[in-house]
> 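Here it is, the structure, as structure tokens.
Residue numbers start from 1 in every chain, and the chains themselves are labelled A, B, ... in the order their sequence lines are given, proteins ahead of strands. Every value quoted in this text rests on a predicted model; they were computed, and no experiment measured them.
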Amino acid sequence: MSKRVRVRFAPSPTGGLHLGGVRTVLFNYLFAKKHQGDFIVRIEDTDQSRYVPGAEEYIFDTLRWCGLEPDESVQHGGNYGPYRQSERKAGYRQYAEQLVKQGHAYYAFDTPEELDQVRKATDKNGEGHSFQYDHTVRMKMRNSLNLLESEVQQLLNAQTPHVIRIKMPENETVSFTDMIRGEVSFETALSDDKVLLKADGMPTYHLAVVVDDHLMEISHAFRGEEWLPSAPVHILLWKYLFGLNSMPQWAHFPLILGPQGKLSKRDGAKYGFPVFAMNWKDPKTGEFTEGFKEKGFIPEAFINLLALLGWNDGTEKELYSLDELAEEFTMERVHSSGAKFDFEKAKWFNHEWIKMASPDRLQEDVKRFLGEGGISVTDDSYLAKVIGLVKERCTLLSDFVQQTDFFFRAPAVIDQEAVKPKWSEAKKEFFQTYAAQLQTTGEWNAEHLEQLFKETAAEKAIKPGELQLPFRIMLVGGKFGPQVFQIAELLGKDETLARIQHALPLFE
RNA sequence: GGCCCGUUCGUCUAAGGGUUAGGACACCACCCUUUCACGGUGGUGAUACGAGUUCGAAUCUCGUACGGGCUACCA
């Protein structure tokens with residue numbers, strides 16, 4: 001019997017969640033659901049200098065909007081807490097000390113300033129990175145490998161600021177099986193001696209991720225490809241601390257790329273598409289980044305498009321609900337190569353989901369957008385009818401503003417130029433007659449209105465087609481919207497007549 | 001620079017030794033609609049390059065090129 005599936009998403013609260021981040025959440029979530037496992041969110045806030053107030057809340061708000069609720073987290077509780085690494089601070093040191101005792105790590109007293117100097121000195125106008133704190137230089141630095149034991153003890157007793165670094169083996173090959181990429185291997189000699197415990201007593205990501213994955217009994221550790229190069233450090237820590245047998249299985253997701261390489265939040269402003277899941281304003285810099293939610297995406301579509309960026313089930317199916325995804329998802333079918341994000345395709349997904357959604361489902365979202373567009377809705381059942389009529393021509397929720405505006409208030413502008421060139425006295429007479437008929441008719445539905453329209457047109461010997469555009473302009477103000485008689489039906493008798501009367505003189 | 005990962009239409013991808021290399025988005029044309037869309041039909045368009053293995057390679061191997069990631073007391 002294999003152990004229970006437990007996966008985690010481990011964001012650091014430093015800002016908004018971008019596409020790649022949400023997809024990492026999604027794949028974790030899907031894998032957990034598929035295997036009846038647990039999905040945990042652990043906040044990795046070990047770097048106090050990068051902490052951004054509000055970012056943690058934002059993350060949970062985003063997950064809620066996406067419908068990806070964690071089973072355990074800061075907000076959801078659970079038996080493996082605390083779920084915030086800063087609150088687990090006291091626990092990490094013992095593991096680092098254990099490594100020192102085992103000879104796999106050591107105390108280092110070099111200050112950040114000293115290291116900076118060495119880096120600058122070594123990096124003689126090359127493109128940097130010639131200095132690494134690794135096995136080739138560690139015997140020249142100020143650390144417990146090098147200093148006398150008494151000196152080390154003295155420094156420690158005097159509370160001299162220090163870090164604990166891993167002592168990377170000098171010639172070992174570390175390899176592991178990535179669920180997506182297969183066998184991956186690294187030479188340990190090429191990696192530097194990463195800091196495990198910082199001078200402020202906080203662990204770095206490397207120590208914390210291993211310790212917490214162990215303590216939280218994580219069975220599968222998934223993260224973005226940017227972590228692949230540091231995997232050997234983590235494998236080594238697992239080996240030294242808890243044994244390779246209890247190590248989770250790894251998978252590194254391909255990156256989501258922007259038009260020119262790595263997707264950055266700046267791409268959003270530059271190319272006109274959102275990068276974050278929801279609007280985010282950095283409280284420190286004031287920098288604003290647009291979100292998919294506010295751009296007019298519905299979460300069903302957002303999830304769907306993210307899932308298909310790097311995964312497919314091998315069939316030609318493209319539209320999946322969250323439940324279907326959880327059913328079909330397998331890690332083996334996740335790609336190993338990065339995917340460039342295509343906003344046009346993203347919009348297509350949204351359009352498809354809006355078309356599939358019921359007016360009820362869309363009601364609240366549409367109302368939110370209409371409100372922002374200055375349209376207030378008082379009659380929900382009227383709104384539902386309107387939504388049903390126009391939703392298939394809306395790609396983004398924001399499109400509902402233009403598509404429904406004229407249902408709630410008379411058009412502010414009448415596109416007279418669309419009518420004037422072909423306007424005639426006969427057409428004017430037609431509308432006068434038609435208006436009079438509408439006034440007295442007892443029946444008010446699209447079919448009847450159309451029938452009446454055609455009959456009257458025939459009497460006046462005008463092709464009905466030539467009259468439809470003017471009628472549309474009167475009711476809508478422009479050349480758009482659903483079938484014109486359906487519009488009139490929803491508008492009702494009084495409003496329809498008022499708009500005809502208002503527009504008629506404008507065509508002279 | 002070093003290390004790691006990757007490379008099929010413009011983009012997302014299917015095809016895990018034998019197919020006219022399939023689909024979707026986008027684009028173009030036509031049809032439907034006397035609005036704008038939806039929808040329908042058709043079209044343009046790809047295996048990075050070079051060797052090797054094989055009767056046969058998009059698929060396996062190697063090299064080259066290109067792309068990306070990492071190289072902090074950041075995650």
> Kindly say if A:Lys345 contacts the phosphate of B:G23, meaning a side-chain N or O under 4.0 Å from OP1 or OP2.
no

> Are there over 12 heavy-atom neighbours, none belonging to A:Lys167, within less than 6.0 Å of that residue's NZ?
no

> Given that A:Gln85 and A:Ala346 both sit by RNA chain B, which one's nearest nucleotide is further toward the 5' end?
A:Ala346

> Respond yes when some side-chain nitrogen or oxygen of A:His18 is under 4.0 Å from OP1 or OP2 of B:A75, and no when none is.
no

> With no hydrogens and no angle check, just 3.5 Å: does a side-chain donor-acceptor pair link A:Tyr107 and A:Glu97?
yes

> What does B:A37 pair with, Watson-Crick or G-U, if both distances are under 3.5 Å?
none

> Do the side chain of A:Lys194 and the base of B:A72 come within less than 3.5 angstrom through a donor-acceptor pair of N or O atoms?
no

> Rounded to whole Å, please give me the gap between CD in A:Glu450 and C1' in B:U34.
12 Å

> Take nucleotides 35-45 of chain B nucleotide by nucleotide from the 5' end and write B, S or -, depending on whether a protein heavy atom sits under 4.0 Å from the base, only from the sugar-phosphate, or from neither.
BBBSS------

> Just checking A:Arg223: base, sugar-phosphate only, or nothing, at a heavy-atom cut-off of under 4.0 Å?
nothing

> For B:U71, does OP1 or OP2 lie under 4.0 Å from any side-chain N or O of A:Ser230?
no

> Measure from the side chain of A:Phe186, starting at C-beta and using heavy atoms only, and say which of B:C3, B:G6, B:A75 lies closest.
B:C3

> The side chain of A:Arg181 is closest to which nucleotide in this list: B:G69, B:U34, B:C5?
B:C5

> Checking contacts here: which listed nucleotide (B:A72, B:C73, B:C4) is nearest the side-chain heavy atoms of A:Asp192?
B:A72

> When you compare B:G40 with B:C32, how far apart are their C1' atoms, in angstrom units rounded to a whole number?
8 Å

> My understanding is that a pair needs two contacts under 3.5 Å, Watson-Crick or G-U wobble. By that rule, which nucleotide pairs with B:A75?
none

> Using Watson-Crick or G-U wobble geometry with both distances under 3.5 Å, which nucleotide pairs with B:G16?
none

> Could you work out which one of B:A75, B:G68, B:G23 sits closest to the side chain of A:Leu257?
B:G68

> Return the minimal non-hydrogen interatomic distance between A:Ala108 and A:Tyr133, and the atom names on each side.
CB-OH, 3.8 Å

> How is A:His162 classified with respect to the nucleic acid when contacts are heavy atoms under 4.0 Å: base, sugar-phosphate, or nothing?
nothing

> Using both distances under 3.5 Å as the test, list the Watson-Crick or G-U wobble partner of B:G52, or none.
B:C60

> Does B:C27 have a Watson-Crick or wobble mate here (both distances under 3.5 Å), and if so which one?
B:G43

> Let me know the distance between CD of A:Glu225 and C1' of B:C3, rounded to the nearest Å.
13 Å

> Could you work out which one of B:G22, B:C74, B:C3 sits closest to the side chain of A:Leu190?
B:C3

> Base, sugar-phosphate or nothing for A:Thr395? Non-hydrogen atoms, less than 4.0 Å.
nothing

> From the options A:Lys422, A:Lys427, A:Lys460, select the one residue that forms a salt bridge (Lys or Arg N to Asp or Glu O under 4.0 Å) with A:Glu466.
A:Lys427

> Just how far, in rounded Å, is C1' of B:G23 from CG of A:Leu319?
14 Å

> Say we look at B:C9 and B:A46: how far apart would their C1' atoms be, to the nearest angstrom?
4 Å

> Which of these nucleotides, B:C73, B:C70, B:C12, is closest to any side-chain atom of A:Ala339?
B:C12

> When you measure from the side chain of A:Leu255, which nucleotide among B:G68, B:U11, B:C12 comes out closest?
B:G68

> Check A:Phe186 against A:Pro229 and note the closest heavy-atom contact, atom names and distance.
CE2-CA, 4.2 Å

> Nearest of B:A24, B:C73, B:U71 to any side-chain atom of A:Arg165?
B:C73

> Using the P atoms only, state how far B:G68 lies from B:A15, rounded to an integer number of Å.
26 Å

> For B:C12, take OP1 and OP2 only and decide whether either is under 4.0 Å from a side-chain N or O of A:Asn312.
no

> Determine the interatomic distance between C1' on B:C66 and the same-named atom on B:C28; round to the nearest Å.
31 Å

> As a test of reading the structure: which of B:G69, B:C73, B:G6 is closest to the side chain of A:Ser336, going by heavy atoms?
B:G6

> Would you please classify the geometry between the A:Phe297 ring and the A:Phe292 ring as parallel, tilted or perpendicular, with 30° and 60° separating the classes?
perpendicular

> Which residue, A:Val184 or A:Lys340, contacts RNA chain B at a nucleotide closer to its 5' end, judged by nearest heavy atom?
A:Val184

> Could you work out the separation of B:C27 and B:G10 based on their C1' atoms and round it to a whole Å?
9 Å

> If the glycosidic angle sits within 90 degrees of zero it is syn, else anti. Tell me which applies to B:C60.
anti

> Whole angstrom is fine here: how far is it from CG in A:Leu305 over to P in B:U13?
12 Å

> Can you measure A:Phe341 atom CZ to B:G68 atom P for me and round it to whole angstrom units?
19 Å

> Looking only at heavy atoms, what is the nearest atom pair of A:Leu370 and A:Phe408, with distance?
CD1-CE1, 4.0 Å

> So which heavy atom on A:Thr188 is nearest to which on A:Leu236, and how close?
CG2-CD2, 3.9 Å

> Given atom CG of A:Leu19 and atom P of B:C12, what is their separation to the nearest angstrom?
14 Å

> Check whether the side chains of A:Asn312 and A:Arg333 place a donor and an acceptor atom closer than 3.5 Å, and report yes or no.
yes

> Is there a side-chain contact between A:Lys347 and the phosphate of B:C12, meaning an N or O under 4.0 Å from OP1 or OP2?
no

> In whole angstrom, give the distance that lies between atom CH2 of A:Trp311 and atom C1' of B:A14.
13 Å

> Taking the side chain of A:Glu226 as heavy atoms from C-beta outward, which of B:C25, B:A75, B:C73 is closest to it?
B:A75

> Please measure how far the C1' atom in B:G45 lies from the corresponding atom in B:G23, and state the result in whole Å.
14 Å

> Without decimals, in angstroms, what is the distance between A:Leu308 CG and B:U13 P?
9 Å

> Return yes if a side-chain donor-acceptor contact under 3.5 Å exists between A:Tyr92 and A:Asp212, otherwise no.
yes

> May I ask you to establish whether A:Lys345 and A:Trp348 are in a cation-pi arrangement, using a distance under 6.0 Å from NZ or CZ to the six-membered ring centre and at most 45° from the ring axis?
yes

> Work out how far the C1' atom of B:U53 is from that of B:A14, and round it to whole angstrom.
26 Å

> Quick one: label A:Thr111 by what it contacts on the DNA or RNA (base, sugar-phosphate, nothing), any heavy atom closer than 4.0 Å.
base

> Looking at A:Tyr58 and A:Ala277, what are the two nearest heavy atoms and their distance?
OH-N, 3.8 Å

> Could you check which nucleotide pairs with B:G6 in any of the strands shown, counting Watson-Crick or G-U wobble with both distances under 3.5 Å?
B:C66

> Using the P atom as the point on both nucleotides, what is the distance between B:C74 and B:C60, in whole Å?
41 Å

> Looking at every strand, decide which applies to A:Asp110 at a 4.0 Å heavy-atom threshold: base, sugar-phosphate, or nothing.
base

